[in-house]
Amino acid sequence: MAEINLVEAVNLALAHELARDEAVVLLGEDIGANGGVFRATVGLQQRFGAGRVVDTPLAETAIVGTAIGMAAMGLRPVAEIQFSGFLYPAIDHLINHAARLRNRTRGRLTCPLVVRTPCGGGIHAPEHHSESPEAMLAHTPGLRVVMPSSPARAYGLLLAAIRDPDPVMFLEPTRMYRLFRQEVADDGEALPLDVCFTLRGGTDLTLVSWGAMLHETQAAADALATEGISAEVIDVATLKPLDLPTILESVARTGRCVIVHEAARTAGLGAEIAAGLAEEGLYSLLAPVQRVTGYDTVMPLSRLETQYLPSVERIVAAARKTLEAS
Amino acid sequence: MSTVARFHIDHVRFLDPQGEALGPLPDFARDPAQLVPMYRAMYLTRTFDAKAIALQRTGKLGTFASALGQEAIGVGVASAMRAEDALFPSYREHAAQLVRGVRIEESLRYWGGDERGSDFAQARHDFPNCVPIGTQVCHAAGAAYAFKLRGEARAAVCFLGDGGSSKGDFYEGLNFAAVWKAPLLIVVSNNQWAISVPRSAQSATATLAQKAIAAGVEGVQVDGNDLVAVHHVAREALAKARAGGRPTLIEAVTYRLGDHTTADDASRYRDPAVVQEQWSFEPLTRLRNHLVGLGAWGPDKEEALARECTETVNAAVEAYLNTPPPTTAAMFEHLFATLPAALVAQRDEALRFTPRKAGGQPGGDHG
Ligand SMILES: Cc1ncc(C[n+]2csc(CCOP(=O)(O)OP(=O)(O)O)c2C)c(N)n1
Ligand SMILES: [Mg+2]
């Protein structure tokens with residue numbers, strides 16, 4: 001079994017599905033000969049042909065719009081949006097069509113579509129290349145929103161997304177693309193959507209995060225462990241629909257919760273999780289829930305991005321605050 | 001059956017690739033006093049470009065998009081603009097920006113990851129670089145409407161690429177400007193590539209200029225490597241716009257001689273031999289030969305210009321590298337006219353967690 005990084009795991013999953021199901025079609029900008037600007041689709045056009053791995057003209061509206069038509073007519077399109085900052089032209093199609101075709105036609109027409117897009121900062125990218133749009137997507141009824149945080153989960157969750165009968169937004173944290181390698185078997189085994197993954201057990205508090213921020217979150221758990229504090233770490237993975245029961249169950253044991261995300265704070269998914277804890281887990285809480293998030297600022301250009309991104313220090317400080325509260 | 005519409009598209013070229021006049025030239029093209037400043041601007045652009053790539057390669061600049069081979073378009077068009085016009089560039093039009101008075105150190109700050117690079121000391125009404133492809137066409141159309149509504153003799157000029165001409169924003173902005181008879185000039189720098197996607201895969205039309213026809217706009221194709229041709233059509237289009245006239249679409253045909261950006265490796269998707277061939281059409285040699293033919297240029301002047309451009313660029317690099325780092329508070333200072341109370345606590349938290357040596361190094365690795 002080979003050790004691969006997250007972007008290679010995406011490639012492996014795409015290749016697996018292209019080989020398994022002829023209805024699977026990839027489309028996007030520069031995904032063919034160039035293999036994608038992050039190399040996620042490298043080799044796939046050579047292997048599966050330009051009819052199934054399609055370099056489109058430059059237009060995100062039409063990439064997602066045409067993918068909806070393909071999906072409704074029996075294909076399984078996997079659209080790539082080069083960076084999530086360029087997803088916005090496609091929002092009309094996502095909100096007004098992909099997310100509601102099934103509902104509008106009472107199940108007569110469906111939209112088994114995957115939109116993959118890199119997201120997040122921390123790679124010194126140019127302007128508009130470091131966005132975290134997950135909350136606005138999760139706010140859209142009818143869209144599933146998934147974000148992997150390791151090569152194995154990227155492989156397994158992408159297989160599940162492609163096989164899912166409904167539209168899935170698959171957000172790939174660019175900072176994790178090449179951060180570490182892991183053994184991933186190309187066994188075609190999907191991981192379940194709609195559930196959180198508990199990455200490490202703990203007894204004193206629960207750290208909840210997703211995507212690239214799990215790197216800092218795990219480092220914070222390590223730092224806390226050196227002080228004898230045991231933190232449980234949960235990877236939300238499917239951001240919508242949210243697996244609240246797993247989080248509630250953990251917080252019922254630990255009594256404390258810190259939610260970490262890179263996206264801006266206001267109306268972020270941290271607020272949704274905190275509200276869920278307030279509604280259904282209040283009596284097990286020993287301290288107020290804390291959020292460590294990006295600020296409500298425009299994602300800065302590269303020279304200030306480390307000041308924007310939640311740091312290990314901020315996570316540890318928030319964890320301490322929950323421990324001091326009682 | 002009857003024909004209800006017919007169209008043709010002119011291709012404008014005055015100098016052949018060796019710089020020989022193909023026919024009668026416009027007046028300015030025989031006037032060294034007008035041509036030499038444009039040659040100098042093209043040379044400065046190319047010097048800056050090479051330096052920016054070198055800075056990126058040594059970790060002192062972020063991702064950079066070179067204008068190599070496309071200098072005549074930005075310089076030819078911007079030189080036809082007046083100070084009071086407004087520019088809406090893509091991210092590859094520093095040739096135009098330098099003519100507009102944007103400073104090299106400002107451009108470097110931007111590509112080095114610092115928003116202050118878009119706070120131009122001159123050209124205060126010009127828009128900053130536009131990365132979300134094609135969106136600037138709509139902004140330029142709106143600006144042109146504002147000029148028209150106030151009865152000002154100003155024009156808006158926007159640049160986009162061949163890839164950008166596939167975006168809805170391009171068609172929509174073009175259409176609005178046409179319906180409004182707004183003073184807008186749209187320049188499509190057709191460098192044959194949108195990253196790895198060739199022009200042939202971008203649009204099934206014979207020209208990009210003809211996209212104007214569908215909007216009821218005049219469209220013209222020009223040899224984008226012929227400074228004389230570019231400047232000539234831009235002057236005419238801007239005169240028409242300022243005279244209360246209408247929009248124009250110019251397709252400037254050129255070739256991207258470099259990688260898409262420093263984050264790209266074009267050898268993955270295009271034949272280096274073809275790129276080599278394209279070097280024989282590049283715009284600097286062509287204009288230089290023409291200037292030599294006019295008796296207005298020679299090796300001494302060329303050498304002096306090279307020295308001068310290197311000095312100018314080096315001084316700008318110094319200024320860039322000596323720029324004090326951006327402050328954490330700056331993230332909050334320009335979001336709104338005044339910082340909302342709800343954001344004060346966030347700013348204070350950001351300041352509390354800022355390490356003493358913050359603000360990053362100029363530049364970064366990739367994108
Ligand atoms: C809306 C949008 N989609 C995708 C991108 C990523 N991207 C940056 S440049 C580029 C190609 C642009 O090609 P073209 O318009 O021909 O301009 P050129 O870069 O050749 O000057 C792409 C796809 C983007 N910046 N904006
Ligand atoms: Mg192009």
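Here the structure is a predicted model, which is why all the values come from computation and not from measurement. Here is the naming used below: chain letters follow the sequence lines, and residue numbers restart at 1 for every chain.
Interface remark: of the candidates B:Gly163, B:Gly168, B:Ala266, B:Gly163 forms the most heavy-atom pairs closer than 4.5 Å to chain A. Ranked by non-hydrogen atom pairs under 4.5 Å with chain B, the options A:Thr297, A:Asp30, A:Thr306 are led by A:Asp30. Ranked by heavy-atom pairs under 4.5 Å with chain A, the list B:Arg352, B:Arg347, B:Glu349 is led by B:Glu349.
Atom-to-atom distance recorded for A:Asp55:CG and B:Gln202:CD is 9.5 Å, nearest 0.5 angstrom. In this structure, the separation between CG on A:Asn34 and NE2 on B:His260 is 10.0 Å, given to the nearest 0.5 Å. Atom CZ of A:Arg39 sits about 3.5 Å away from atom CZ of B:Arg268, to the nearest 0.5 Å. Atom CG of B:Leu335 and atom OH of A:Tyr295 lie 13.0 Å apart (nearest 0.5 Å). One distance of note links CE of B:Met331 with OH of A:Tyr308; it measures 9.0 Å at 0.5 Å rounding.
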Trace of the side chain to side chain donor-acceptor pair (under 3.5 Å) decision for B:Tyr110 with A:Glu127
CA-CA 9 Å; B:Tyr110 174 80; A:Glu127 205 173 8; 2.5 Å; yes
B:Ile195 vs A:Glu29, test: side-chain contact (heavy atoms from CB on, under 4.5 Å). Steps then yes/no.
CA-CA 9 Å; B:Ile195 310 186; A:Glu29 294 157 10; over 6 Å; no
Going through the distances and angles, do B:Thr63 and A:His129 end up as a side-chain contact (heavy atoms from CB on, under 4.5 Å)?
CA-CA 11 Å; B:Thr63 302; A:His129 285 67; over 6 Å; no
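Here the side chain of B:Glu115 pairs a donor or acceptor atom with the backbone of A:Leu301 at under 3.5 angstrom. Of the possible donor and acceptor atoms, none in the side chain of A:Gln307 sits under 3.5 Å from a partner among the backbone N and O of B:Ala350.
Shortest non-hydrogen contact noted between B:Ala194 and A:Leu58 is CB-CD1, 4.5 Å. When every heavy atom of B:Phe353 is checked against every heavy atom of A:Ala317, the shortest pair comes out as CZ-CB, 3.8 Å. Pairing each heavy atom of B:Lys167 with each of A:Ala59, the nearest pair is CD-CA, 3.9 Å. B:Leu343 approaches A:Asp296 most closely through the heavy-atom pair CD2-CB, 3.5 Å. The shortest non-hydrogen separation linking B:Pro132 to A:His128 is CD-CD2, 3.5 Å.
Interface residue B:Ile133: only side-chain heavy atoms are found under 4.5 Å from chain A. Proximity to chain A is absent for every atom of B:Ser165, based on heavy atoms less than 4.5 angstrom apart. Heavy-atom distances place the backbone of B:Asn129, and not its side chain, under 4.5 Å from chain A. Interface remark: B:Pro355 contributes side-chain atoms only to the contact with chain A (heavy atom separation under 4.5 Å). For B:Ala201, the part lying near chain A is the backbone, with the side chain staying farther off; criterion is any non-hydrogen pair under 4.5 Å.
Annotation for B:Phe332: atom CZ counts as buried by contact number, over 12 foreign heavy atoms lying within 6.0 Å.
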